[in-house]
Number of protein chains: 2
Amino acid sequence: MQTKAVEDYLKAIYELQAEGGKVSTTSLSERLSVAPASVTGMAKKLAKMKLVVHEPYQGVELTPAGEKIALEVIRHHRLVESYLAEALGVPWDKVHEEADQWEHVLSEEMEDLMDDKLGYPTSDPHGAPIPARDGTMPKADLRRLSELEAGETAVIAEVSDHDAELLRYLGELGIFPHVEVRVISSAPFEGPVTIRINGDEHALGREVAGYILVGSLR
Amino acid sequence: MQTKAVEDYLKAIYELQAEGGKVSTTSLSERLSVAPASVTGMAKKLAKMKLVVHEPYQGVELTPAGEKIALEVIRHHRLVESYLAEALGVPWDKVHEEADQWEHVLSEEMEDLMDDKLGYPTSDPHGAPIPARDGTMPKADLRRLSELEAGETAVIAEVSDHDAELLRYLGELGIFPHVEVRVISSAPFEGPVTIRINGDEHALGREVAGYILVGSLR
DNA sequence: ACCAAAAATTAGGCTTGCCTAAATCTAGAA
DNA sequence: TTCTAGATTTAGGCAAGCCTAATTTTTGGT
């Protein structure tokens, strides 16, 4: 069993690694709200534990052992998110914060019971995939909503949960996973993307549209 | 917000205090599986925080402020126990251990949601009373099963949850809160107590019978 | 190719909470 | 009343993780 801190670092490294190779000290320090020096310290510790490879001044990268643990933590996190939303009716902009606490105290038995109750979900309330118990991560190929051309139609697949405020805003607009969306226009020069969803049209900032991942229809 | 350690100490002090005035360093060190010297250290810290009164060499006692926090922690603990048993079907000999972890990460919102789902229970799966949000603790006057005379009939009110093994044993015998029990005989010299419950007779060791609290019929 | 700014690491400290060993206090038995 | 065994506290340390300040390495612009 790992400490909370170790689990948090591994999860953060996994997630940052997904957006491009090695993970820098700075990006981790921002993600975890911790001083860069603290990250270096933990990087050395994790390296000694063989959970990451740490090339000084070059960043860290998970080893297979580290990735395994990261996926377990992420599975806990996303199952808890799903459970909170489904069973307790917690609004989707709050499940992330709660799950950040719960993920560290969830025993395997509780995890299994929640998984049973939920009917073995494969994605959380934000559409993020839930790793299977064996560490398999369902992988779809998705595009950012901001990359679609005018006229294209797609299905919302996943929404970034990094900002509760944003989730609340998207929720008001009806932007949830599994909902169909059509791009009406996409302004040039990093301009807004206008979409039609549930019969309504909305203009989204380019950055916001970048936080929304979509898959092809069907 | 208190640290996990502070919450654990306050809860333990509350529970030990219920069985007789001031709480000794030794009893706390045993309850928390910690060295006596560590207890002294924490006692001083809690005293400085005005959560306990610490008379050196004489033990500690909760202040009103300390008791308030203790009751909040106990409320969390027992609501979680109830929730786990009710909503997730966790067997009663396992809820305590899980709740010990969960009690520290439960936000007020989650507590309220669980409370709603459960219909505002007043006791946990072991029959222990759940403090109200305002800190009011329902108090019944109970006797130990070991104190009943032969021929007396009563209702199981509460069973000690300090030992999972014991709970499993009692569960097999059908000894749960709200079940009616009749004392058939009570052997002298600390001998066993024979009871009839659900139509079956069982002989219980005196110590075991002491862990079972009963209330009068009706 | 150089040099300054940015990034990362090292050095030194702090807090929390735990430990063991040694010293001190208390209380019960003789 | 005294003395000793048990309980408690003090003293000194350790591990995790965090911090700031100082130093070192990397990198991008000229």
Side-chain angles (χ1 to χ4, degrees), chain A residues 1-14 16-17 19-62 65-66 69-70 73 100-101 103-105, chain B residues 1-14 16-17 19-62 65-66 69-70 73 100-101 103-105:
Chain A
M1 195 48 191
Q2 316 301 329
T3 64
K4 231 195 270 270
V6 166
E7 290 187 353
D8 282 339
Y9 274 90
L10 292 176
K11 182 171 69 142
I13 293 167
Y14 182 94
L16 290 171
Q17 207 169 285
E19 328 172 334
K22 293 207 191 89
V23 176
S24 71
T25 298
T26 310
S27 60
L28 266 174
S29 92
E30 279 166 2
R31 164 72 68 121
L32 297 170
S33 301
V34 129
S38 305
V39 172
T40 301
M42 183 57 88
K44 289 171 128 182
K45 177 179 175 167
L46 294 175
K48 197 175 299 175
M49 295 167 84
K50 307 278 190 194
L51 298 177
V52 305
V53 174
H54 180 216
E55 258 197 280
Y57 296 100
Q58 302 300 324
V60 294
E61 215 164 0
L62 293 175
I69 294 171
V73 176
D100 265 345
Q101 302 302 311
E103 65 189 13
H104 302 297
V105 302
Chain B
M1 195 48 193
Q2 316 300 329
T3 65
K4 232 194 272 266
V6 166
E7 290 187 352
D8 282 338
Y9 273 90
L10 293 176
K11 183 171 69 141
I13 293 167
Y14 182 93
L16 291 171
Q17 208 169 284
E19 328 171 334
K22 294 207 192 89
V23 177
S24 71
T25 298
T26 310
S27 60
L28 266 175
S29 92
E30 280 166 2
R31 163 73 69 123
L32 297 170
S33 301
V34 131
S38 305
V39 172
T40 301
M42 183 57 87
K44 289 170 127 182
K45 176 179 176 168
L46 295 175
K48 197 175 299 175
M49 294 167 84
K50 308 277 191 195
L51 299 176
V52 305
V53 175
H54 179 213
E55 257 198 280
Y57 296 100
Q58 302 300 323
V60 294
E61 215 164 1
L62 293 175
I69 295 171
V73 176
D100 265 344
Q101 302 302 312
E103 65 189 11
H104 303 297
V105 302

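In the text below, chain A, chain B and the rest are named by the order of the sequence lines, each starting its count at 1.
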Interatomic distance, OG@B:Ser27 vs NZ@B:Lys22, rounded to 0.5 Å, equals 13.0 Å
OG (B:Ser24) and CD (B:Glu30) are apart, to the nearest 0.5 Å, by 7.5 Å
* **Under 4.0 angstrom between A:Thr3 side-chain N/O and D:dG17 OP1 or OP2** => yes
Considering every strand and a 4.0 Å limit on heavy-atom distances, what is the contact class for [X]: base, sugar-phosphate, or nothing?
X       : answer
A:Thr25 : sugar-phosphate
B:Ala5  : sugar-phosphate
B:Thr40 : base
A:Val39 : nothing

Note, [X] side chain near [Y] side chain (heavy atom, < 4.5 Å):
X        : Y        : value
B:Met1   : B:His104 : no
B:Lys48  : B:His54  : no
A:Val6   : A:Met42  : yes
A:Ile13  : A:Leu51  : no
B:Leu28  : B:Val60  : yes
A:Asp100 : A:Lys11  : yes

Nearest-nucleotide check on DNA chain D, A:Gln58 vs B:Pro56; residue mapping nearer the 5' end is B:Pro56
Let me know the distance between [atom1] of [X] and [atom2] of [N], rounded to the nearest Å.
X       : N      : atom1 : atom2 : result
A:Lys44 : D:dC18 : NZ    : P     : 15 Å
A:Lys4  : D:dC18 : NZ    : P     : 12 Å
B:Glu30 : D:dA7  : CD    : P     : 9 Å
A:Leu28 : D:dC18 : CG    : P     : 11 Å
B:Leu46 : D:dT9  : CG    : P     : 13 Å

What's the verdict on side chain to side chain contact (heavy atoms under 4.5 Å, CB included) for B:Gln2 and B:Asp8, showing C-alpha distance, side-chain angles and the deciding distance? CA-CA 10 Å; B:Gln2 316 300 329; B:Asp8 282 338; over 6 Å; no
Outermost contacting nts on DNA chain C, any atom under 4.0 Å from chain B heavy atoms, listed 5' then 3', are C:dT16 to C:dT26
Protein N or O to nucleotides 21-25 of chain D N or O, pairs below 3.5 Å:
none

